[in-house]
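Shown next, in structure tokens, is the structure this report addresses.
Lettering follows sequence order; numbering is per chain, from 1.
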Protein chains: 2
Amino acid sequence: MTAQLYCFGESGNAYKVALMLTLTATPWQPVFVDFFNGAARGPAFRAINEMGEVPVLVMGGRTLTQSAVMLRHLAKATGQFGWTTEEEEDEILRWLMWDNHKLSTQVGTTRFLMNFLPADKRPEQAIAFLQGRLKAAYTILNNHLASRDWVVAGRATIADLSLCSYLYYQEPFGFARADWPHIDAWLARIAALPGWQHPYDLMSRAFPPATA
Amino acid sequence: MTAQLYCFGESGNAYKVALMLTLTATPWQPVFVDFFNGAARGPAFRAINEMGEVPVLVMGGRTLTQSAVMLRHLAKATGQFGWTTEEEEDEILRWLMWDNHKLSTQVGTTRFLMNFLPADKRPEQAIAFLQGRLKAAYTILNNHLASRDWVVAGRATIADLSLCSYLYYQEPFGFARADWPHIDAWLARIAALPGWQHPYDLMSRAFPPATA
């Protein structure tokens, strides 16, 4: 049965799962969420995900939300990009947690504020604040990758697929790959995995919103 | 063997684990981290946790970081506050993820900016921005609790212990329990669990920092 992924191109959180589905050759189809017209905030979508967040994965009779839950589910279902020991499982989850509270959330928010809001509505102080916190996060990831090719276990796992997701987007958010050489080389390694595709090649873009 | 928890009183993320250890009657002792004097950012602590974050749990020969990883580990080790099916495990993890990227992180940051910085260094626009995002998060949690006593599975789990953690602190961060009646009743239910204690009764406070 073909999996359905509620998504839109600008969502790095959706990209994490779209990339995993693609790299594992899991049959899937995107269900476009018209995010910038408010589709994720309406009652129809809230009935699917009370958190009002993209992505949502419908697969094998289950409806999953939160990208980390989906990545773990797909790793178990496909036997790929997962763990072989409890220690590896914990280490992968540790980086999924860090990604969700220190990296992806703050990149996603900063990129949204800088690119998808009218220029006169951008909260410049909040953007500067987030960029300062992100610099600390890039430093931690860059240092971690200085002595290893992959985040956990010496091979590509869902930890890599989660952490990399927002860093392939071209829109400016204060991150230049050249400033972080170990992150840069790691992003190139992930992009060289067989079947890798850019988010905008996997999912339709929702910005700019179509006029009603 | 007594577990060691690197922690300080103001850390809601540490409190999640301290509360779990206490409620499960797991022998543990706090290891005080002098956070406001920069102890979590120094090389000695970075050698323990490259992420530079509190808490860290040392237990049974393992060193764990990220509160969600510790909570899952303790649930499995003690057989308490955990899951009985894969669906419950996923549902608990879903809320742990949401807590980490939408609730606790943003409450912790907002409370820090409002209470632990000098008044003339508070980024007021960033605070207002975070409070706006938090209002959306409180709404989701309050709605979820309108029709149930516990977040997942009809009983207290680590999802509750994670989500509640920052909401017991008295310092102002823009949250009034009376405004969110279902959250308020749920916090009272958790506080009525046998052995519950407030974070400042479980861990030493690090603020204000002692003069060197």
Side-chain angles (χ1 to χ4, degrees), chain A residues 13 41 46 49-53 56-57 61-73 76 86-87 89-106 108-109 113 122-133 136-137 139-141 143-147 162, chain B residues 13 41 46 49-53 56-57 61-73 76 86-87 89-106 108-109 113 122-133 136-137 139-141 143-147 162:
Chain A
N13 290 319
R41 294 190 298 276
R46 293 268 177 186
N49 182 9
E50 69 194 287
M51 294 166 178
E53 293 180 321
V56 173
L57 180 67
R62 296 192 60 197
T63 299
L64 300 176
T65 86
Q66 296 295 331
S67 63
V69 174
M70 299 176 211
L71 291 173
R72 283 171 47 94
H73 183 81
K76 289 187 275 189
E86 187 177 0
E87 285 74 11
E89 179 181 9
D90 284 349
E91 188 69 6
I92 287 172
L93 184 58
R94 167 170 112 103
W95 283 99
L96 292 175
M97 300 308 304
W98 183 83
D99 175 44
N100 272 266
H101 78 90
K102 282 288 168 68
L103 185 61
S104 283
T105 297
Q106 299 194 114
T109 303
L113 297 176
R122 286 180 200 152
E124 299 297 344
Q125 190 195 64
I127 290 170
F129 171 75
L130 287 162
Q131 287 184 331
R133 287 173 61 91
T139 301
I140 287 168
L141 182 59
N143 287 346
H144 183 72
L145 291 166
S147 58
S162 188
Chain B
N13 290 317
R41 294 189 300 275
R46 292 270 177 185
N49 183 9
E50 67 193 289
M51 294 167 179
E53 293 180 320
V56 172
L57 181 67
R62 297 191 62 196
T63 299
L64 300 175
T65 86
Q66 295 295 329
S67 62
V69 173
M70 301 176 209
L71 291 173
R72 283 171 47 95
H73 182 81
K76 287 187 278 187
E86 187 177 359
E87 284 73 12
E89 179 181 7
D90 285 350
E91 188 69 6
I92 287 172
L93 183 57
R94 168 168 112 102
W95 283 100
L96 292 176
M97 300 307 304
W98 183 83
D99 175 44
N100 272 265
H101 79 90
K102 283 286 167 69
L103 185 62
S104 283
T105 297
Q106 298 194 116
T109 303
L113 297 177
R122 285 178 201 154
E124 299 296 344
Q125 190 196 63
I127 290 169
F129 172 76
L130 287 162
Q131 287 183 328
R133 287 172 62 90
T139 301
I140 287 168
L141 182 59
N143 287 346
H144 182 71
L145 292 165
S147 57
S162 187

Structural part of [X] lying under 4.5 Å from a heavy atom of chain A:
| X | answer |
| --- | --- |
| B:N49 | side chain |
| B:Q106 | neither |
| B:L113 | side chain |

TODO: Could you walk me through whether A:I127 and B:Q125 pass side-chain contact (heavy atoms from CB on, under 4.5 Å), step by step?
DONE: CA-CA 10 Å; A:I127 290 170; B:Q125 190 196 63; over 6 Å; no
Quick one: of [options], who has the most non-hydrogen atom pairs under 4.5 Å with chain A?
| options | value |
| --- | --- |
| B:E91, B:K102, B:M70, B:H73 | B:K102 |
| B:W98, B:F129, B:W95 | B:W98 |
| B:E53, B:E86, B:E89 | B:E53 |

Task: Per-residue contact mode, A:L141 against chain B (heavy atom under 4.5 angstrom) - done: neither
Task: Taking every non-hydrogen atom, the tightest pair across A:I140 and B:M51 - done: CD1-O, 3.4 Å
Task: Those residues that, when tested against B:T105, pass side-chain hydrogen bond (donor to acceptor under 3.5 Å, both in side chains) (two or more places apart) - done: none
- [ ] Using side-chain hydrogen bond (donor to acceptor under 3.5 Å, both in side chains) as the criterion, list what pairs up with B:Q131, not counting sequence neighbours.
- [x] none
Open item on the list: Can you tell me how far apart CG (B:L96) and CG (A:L96) are? Round to the nearest 0.5 Å.
Closed with: 12.5 Å
Open item on the list: If I take atom OG1 from residue A:T63 and atom CG from residue B:D90, how far apart are they, to the nearest 0.5 angstrom?
Closed with: 12.0 Å
Open item on the list: Can you tell me if B:R46 has over 12 outside heavy atoms packed within less than 6.0 Å of its CZ?
Closed with: yes
TODO: Check whether any side-chain N or O of A:Q66 sits under 3.5 Å from a backbone N or O of B:M97 as a donor-acceptor pair, and report yes or no.
DONE: no
Task: Any side-chain heavy-atom pair of B:R133 and A:T109 under 4.5 Å - done: yes
Open item on the list: Taking B:R94 first and then A:E50, would you say they form a salt bridge - that is, a charged N and a carboxylate O separated by under 4.0 Å?
Closed with: yes
